[in-house]
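This report refers to the structure that appears directly beneath it.
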Protein chains: 4
Amino acid sequence: MKMAETGTPAKDQTGREPKTARGEATRRAILGAAEKVIGRQGFNEASIGSITREAGVAQGTFYIYFSSKDEVFSELVAEMGRMLRHVISEATGGMADRLEAEREGLRAFLTFVASHPELYRIVQEAQFVDPDAYRAYFRTFAEGYRQGLAEAAEAGAIRPGDADVRAWALMGIARALGEYSVVFGDTTPIDEVVDIAHDLIVDGLRKRS
Amino acid sequence: MKMAETGTPAKDQTGREPKTARGEATRRAILGAAEKVIGRQGFNEASIGSITREAGVAQGTFYIYFSSKDEVFSELVAEMGRMLRHVISEATGGMADRLEAEREGLRAFLTFVASHPELYRIVQEAQFVDPDAYRAYFRTFAEGYRQGLAEAAEAGAIRPGDADVRAWALMGIARALGEYSVVFGDTTPIDEVVDIAHDLIVDGLRKRS
Amino acid sequence: MKMAETGTPAKDQTGREPKTARGEATRRAILGAAEKVIGRQGFNEASIGSITREAGVAQGTFYIYFSSKDEVFSELVAEMGRMLRHVISEATGGMADRLEAEREGLRAFLTFVASHPELYRIVQEAQFVDPDAYRAYFRTFAEGYRQGLAEAAEAGAIRPGDADVRAWALMGIARALGEYSVVFGDTTPIDEVVDIAHDLIVDGLRKRS
Amino acid sequence: MKMAETGTPAKDQTGREPKTARGEATRRAILGAAEKVIGRQGFNEASIGSITREAGVAQGTFYIYFSSKDEVFSELVAEMGRMLRHVISEATGGMADRLEAEREGLRAFLTFVASHPELYRIVQEAQFVDPDAYRAYFRTFAEGYRQGLAEAAEAGAIRPGDADVRAWALMGIARALGEYSVVFGDTTPIDEVVDIAHDLIVDGLRKRS
DNA sequence: AATGAATGAGAGTTCATTCAT
DNA sequence: GATGAATGAACTCTCATTCAT
């Protein structure tokens with residue numbers, strides 16, 4: 001399974017880095033406000049004004065640290081990717097059993113998403129606002145996943161099969177279940193969802209004879 | 001697994017229905033242009049002006065048939081849902097073997113998505129533009145899916161398991177693989193992808209002893 | 001005397017042409033208001049708002065006919081060039097005596113400038129706002145001038161000498177005297193100024209023996 | 001020939017004079033940077049930020065030495081006037097022959113302008129940014145010129161004629177030829193241009209019988 | 001039914017200037 | 001003396017929507 005080439009994006013000149021503690025604090029305040037406001041209202045409804053109001057600074061201050069609305073957004077997406085990868089690797093790091101890692105990774109993902117619903121929204125919207133960031137986000141995930149599956153298959157820990165497609169399929173399960181709870185407001189306890197899905201992932205649909 | 005309540009919206013219906021053949025043609029032209037333009041540029045970048053230009057009519061004409069930009073969009077989403085359900089039920093209708101239906105449904109979905117990439121984009125964006133339409137779209141799908149799985153499990157054709165979560169998980173696989181090809185530009189032949197994913201769905205990851 | 005090449009400018013897509021009489025009237029109203037306001041306040045002080053207020057239309061209307069503030073400006077400069085060339089060729093057209101044509105051209109120029117002081121300002125400012133338009137404006141003038149001088153020299157009607165440099169020098173005299181009255185508010189009657197300058201142009205400074 | 005009255009402005013002087021050598025150096029750095037940046041980008045495009053960046057100091061530092069953007073500009077214009085008058089009087093000082101002085105003054109002017117093209121731009125733009133400074137600049141020049149011509153005429157060294165209009169006309173020639181090379185990029189050697197123009201100035205266009 | 005001119009609110013962004021450190 | 005963070009007014013431009021013809 002091969003990927004079509006995607007140009008590596010040339011980043012715009014970023015708003016300059018703060019040089020003092022005060023500046024650093026302001027920058028973080030804006031970033032936090034952006035997460036909150038964009039997560040709540042969506043990228044297009046969230047105006048720079050609403051973000052800076054939330055952050056308690058003047059509108060012009062925004063442009064000291066970010067060169068555009070798009071730029072904060074991209075930064076947000078990148079940050080979320082880091083956070084999520086961190087959470088998942090914490091949960092599965094060093095697990096010998098691949099199938100168990102699968103279960104714990106799913107649980108960690110769903111737990112994180114449930115407590116950061118805005119995050120979910122922001123990443124989804126990135127598809128339209130900053131396609132490059134969106135693709136980078138999932139590519140990074142998929143690649144890690146693929147490696148894990150490929151090694152497990154090689155080691156004979158799971159059935160053989162194309163690791164690439166499998167990685168995307170399994171990610172699809174996680175995303176769909178995350179959406180199920182965040183967007184559709186399902187209230188089934190996470191642990192139950194994890195068990196049901198894990199059973200499907202591990203044994204599939206086929207009836208054993 | 002219970003759903004949180006979601007209010008069913010009362011649709012505005014200011015856009016008049018066409019009364020002549022000429023009117024009907026104009027309406028279709030606008031709808032088609034909207035699909036093309038919104039699919040290409042996204043909802044927010046697509047202006048009424050770009051849609052009517054594509055359709056070859058004056059801007060004012062738009063408002064004869066649709067009461068707002070949101071309205072065309074919702075209509076588009078609904079139409080795509082109908083088309084997709086049609087395609088899938090054509091492909092799987094009357095199949096006795098549930099597992100084979102699973103395979104054919106996936107194949108039909110991926111084939112359709114590959115030939116209507118804008119569709120994919122529009123449905124995804126609905127999440128932000130018209131959340132109600134988005135939820136309705138997936139609820140309808142999920143419900144059909146759930147029923148199929150529940151019946152198959154009851155009939156002993158597949159292993160038992162919560163049909164609701166399974167439906168979402170399997171939809172997640174289909175969506176992820178569709179995105180894999182449309183958004184990420186993967187070029188693996190659909191039939192291969194279908195086989196690999198179907199194998200996973202049917203037998204899971206576990207190694208047989 | 002050779003000119004360095006200057007790229008012929010690729011015009012921006014102009015705001016679309018009006019299709020009805022009403023539109024045409026609006027467009028002219030905006031253009032007239034722009035001349036007035038920019039001539040009075042200068043390009044940078046003149047805001048789109050002040051122009052449309054003067055024209056009695058909404059701000060958005062401006063962008064139906066012009067794609068930017070720069071664009072109206074360029075159009076203004078071009079129009080003024082046409083007007084001025086028209087006035088001068090009316091005054092000198094068909095004159096057999098080159099030296100007399102010189103006098104009448106100067107008089108026509110100064111008379112026109114005195115009654116259109118904004119014009120003067122706009123053309124000068126073009127140097128900074130739209131250098132291409134500025135250069136085109138003077139190149140066109142200079143070329144016509146140069147030809148007239150070259151022919152007169154060839155015909156033996158005036159002393160021989162490089163027509164190019166002479167054309168620029170004589171244009172410089174006209175501009176300086178125009179500025180003298182418009183910018184510096186000198187009140188000497190035009191006819192006197194013309195006579196004095198013409199005497200200089202024709203006979204120079206040297207004392208005859 | 002009379003001049004309309006022009007109010008002599010009372011300059012603000014908030015920008016403090018430097019009191020240390022370090023301060024003096026900083027002030028010169030800002031002034032030099034302003035000349036460069038404004039000459040290159042024009043007054044309106046040149047921001048305080050771009051000037052201080054070029055000067056290598058912080059933005060706030062600017063306001064220690066200058067009270068506003070307009071102020072640096074005015075100072076620049078005044079300085080250029082001083083430099084130019086210096087250069088010209090160096091070149092013509094003590095010349096007995098008025099006609100030769102005319103030639104050498106023109107040469108000095110064109111030479112200076114060719115090596116300081118930003119200067120040309122700055123003075124021109126002063127017309128819009130600081131009309132008072134602009135008028136003062138030319139009035140000072142014109143007055144000196146007028147006196148020279150008046151004395152020469154009185155002494156019988158040149159033909160009689162209104163010194164005021166002549167001064168403006170001759171200045172116009174110099175400016176036009178300067179612009180010819182700086183703005184229009186003409187590449188004819190200065191000495192040639194000087195000779196051709198000087199011939200025109202001295203003997204005019206008329207054919208001798 | 002169709003046109004296209006007109007509207008005006010609102011968005012993102014820039015920048016001269018001020019001020020605490 | 002120098003810094004750089006912060007301000008907020010002002011500007012250009014876009015676009016969904018309305019309406020007279």
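No experiment lies behind these values; they were computed from the predicted model shown. In what follows, every chain begins at residue 1, and chains take the letters A, B, ... in the order their sequences are listed. What's counted below: heavy atoms across the whole structure, side chains too, no hydrogens, waters or symmetry copies.
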Nearest-nucleotide check on DNA chain F, B:Ser68 vs A:Lys19; residue mapping nearer the 5' end is A:Lys19

- Message: For C:Arg40, I'd like to know if atom CZ has over 12 heavy atoms of other residues, nucleotides or ligands within 6.0 Å.
- Response: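 Yes, the 6.0 Å shell around CZ holds more than 12 heavy atoms from other groups.
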
Counting heavy atoms not belonging to B:Glu24, are there more than 12 under 6.0 Å from its CD?
yes

Within residues 45-57 of chain B, those residues having any heavy atom closer than 4.0 Å to DNA chain E are B:Val57

Side-chain ([X]) to main-chain ([Y]) donor-acceptor, under 3.5 angstrom:
X       : Y       : answer
D:Lys36 : D:Leu31 : no
D:Thr52 : D:Ile48 : yes
B:Glu71 : B:Ser67 : yes

Using purine N1 to pyrimidine N3 plus N6-O4 or O6-N4 for Watson-Crick, or N1-O2 and O6-N3 for G-U wobble, each under 3.5 Å, what pairs with [N]?
N      : value
E:dA1  : none
E:dG10 : F:dC13
F:dA2  : E:dT21

Please report the distance, rounded to the nearest Å, between [atom1] in [X] and [atom2] in [N].
X       : N      : atom1 : atom2 : value
A:Tyr63 : F:dG8  : OH    : P     : 16 Å
C:Glu17 : E:dA5  : CD    : P     : 11 Å
A:Tyr65 : E:dG12 : OH    : C1'   : 19 Å
A:Glu24 : F:dG4  : CD    : C1'   : 15 Å
C:Phe43 : F:dC11 : CZ    : P     : 13 Å
C:Arg28 : E:dA5  : CZ    : P     : 16 Å

Picking from F:dA5, E:dT7, F:dG1, the nucleotide nearest the side-chain atoms of D:Ile64 would be F:dG1

Of E:dA16, E:dT3, F:dA5, the nucleotide closest to the side chain of D:Lys69 is E:dA16

Is the shortest side-chain N to carboxylate O distance from D:Glu75 to D:Arg28 below 4.0 Å?
->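 Looking at D:Glu75 and D:Arg28, the cut-off is not met.
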
Quick one: is [N] close enough that its OP1 or OP2 comes under 4.0 Å of any side-chain N or O from [X]?
X       : N     : answer
D:Arg22 : F:dA2 : yes
D:Thr26 : F:dA2 : yes
D:Thr61 : F:dG1 : no

Q: Take B:Ala58 and C:Phe62, find for each the nucleotide of DNA chain E with the closest heavy atom, and name the residue whose nucleotide sits nearer the 5' end.
A: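 Nearest-nucleotide comparison on DNA chain E picks B:Ala58.
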
(request) For B:Thr20 and for D:Asn44, locate the closest nucleotide of DNA chain E by heavy-atom distance; then report the residue assigned to the nucleotide nearer the 5' terminus. (result)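 Going by which nucleotide is closer to the 5' end, it is B:Thr20.
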
Quiz item: When rounded to the nearest 0.5 angstrom, what distance separates CD in B:Glu125 from OH in B:Tyr134?
Solution: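 It comes to 12.0 Å.
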
Query raised in the report: Is there side-chain contact between A:Thr26 and A:Tyr65, with heavy atoms separated by less than 4.5 Å?
Result: yes

Is a donor-acceptor pair below 3.5 Å formed from side chain A:Gln59 to base E:dT13, judging by atom type as modelled?
yes

